[in-house]
Amino acid sequence: MEPNKQNEIKIELTPEVAKGIYSNLAVITHGPNEFFVDFITMAPNMPQAKVQSRIIMSPENAKNLLGALMENVKKYEATFGEIRPKRPVNNQGGNPGEIPNPFIMGGKA
């Protein structure tokens with residue numbers, strides 16, 4: 001047996017899960033033993049939205065996910081260029097250049 005074959009994990013992806021769920025908002029909360037990530041799809045001019053999916057993970061796995069996302073964003077930007085937050089062309093009544101970051105409660109992009 002090859003050394004790498006021991007550590008292989010066979011992952012099944014069903015057609016239903018493979019289609020994915022779009023999310024443009026995430027709410028992240030935590031307790032002492034786990035992180036909760038609620039993925040939400042917000043539609044323009046709609047005052048309410050439902051949680052589409054909730055992921056619960058240990059603090060260690062949340063930190064591992066953060067590292068993996070950072071690494072993948074760096075690889076993406078090396079291939080496709082810097083990811084820049086979109087800015088409104090006609091900013092009516094808001095602070096210039098500031099739009100909310102939908103993945104940080106009260107955060108700015």
Side-chain angles (χ1 to χ4, degrees):
M1 180 179 267
E2 296 176 32
N4 289 343
K5 292 284 184 183
Q6 280 181 304
N7 297 329
E8 274 188 21
I9 299 173
K10 189 172 183 174
I11 298 173
E12 180 183 348
L13 183 62
T14 63
E16 189 173 280
V17 173
K19 68 181 177 180
I21 297 172
Y22 178 78
S23 173
N24 55 8
L25 173 67
V27 176
I28 303 169
T29 55
H30 65 277
N33 298 311
E34 59 273 314
F35 277 73
F36 296 81
V37 186
D38 291 333
F39 291 96
I40 301 159
T41 304
M42 288 287 298
N45 303 317
M46 297 298 288
Q48 130 181 32
K50 289 183 181 177
V51 172
Q52 301 295 317
S53 183
R54 170 176 274 187
I55 304 298
I56 304 168
M57 57 180 51
S58 70
E60 180 182 9
N61 284 340
K63 191 169 185 177
N64 288 339
L65 175 62
L66 173 64
L69 280 170
M70 288 172 50
E71 182 180 327
N72 276 272
V73 166
K74 286 178 187 175
K75 289 177 182 178
Y76 177 96
E77 290 183 329
T79 303
F80 300 105
E82 182 182 355
I83 301 169
R84 295 182 179 196
K86 291 181 177 32
R87 302 284 186 225
V89 175
N90 182 5
N91 193 7
Q92 299 174 351
N95 294 334
E98 286 190 15
I99 55 174
N101 182 333
F103 298 99
I104 301 173
M105 293 302 289
K108 301 289 182 211

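These numbers come from a predicted model, not from an experiment. Below, all heavy atoms of this structure are taken into account, side chains as well, without hydrogens, waters or symmetry copies.
Here the straight-line distance linking atom NZ of Lys75 with atom CD of Glu77 works out to 13.5 Å at 0.5 Å rounding.
Residues Met70 and Leu65 are members of separate hydrophobic clusters, defined by side-chain heavy-atom contacts under 4.5 angstrom among Ile, Leu, Val, Met, Phe, Trp and Tyr. Taking hydrophobic clusters as Ile, Leu, Val, Met, Phe, Trp and Tyr residues chained together by side-chain heavy-atom distances below 4.5 Å, Val27 shares a cluster with Val51. Note on Val17: it does not cluster hydrophobically with Ile55, by side-chain heavy-atom contacts below 4.5 Å among ILVMFWY residues. No continuous path of hydrophobic side-chain contacts links Ile28 to Leu66 [ILVMFWY only; heavy atoms under 4.5 Å]. Hydrophobic clustering (ILVMFWY, side-chain heavy atoms < 4.5 Å, transitive): Ile83 and Phe80 are in one cluster.
Sorted by first then second residue, the side-chain hydrogen bond (donor to acceptor under 3.5 Å, both in side chains) pairs that include residues 28-42, not counting sequence neighbours, are Asp38-Arg54.
The minimum heavy-atom distance linking Ser23 with Leu25 is given by the pair OG-O, 2.9 Å. Heavy atoms only, all atoms of each residue included: Pro59 and Pro32 are closest at CG-O, 4.2 Å.
With hydrogens and angles disregarded, no donor-acceptor distance shorter than 3.5 Å links the side chain of Gln52 to the backbone of Tyr22.
You'll find the side chain of Phe39 stays beyond 4.5 Å of the side chain of Ile21, heavy atoms only.
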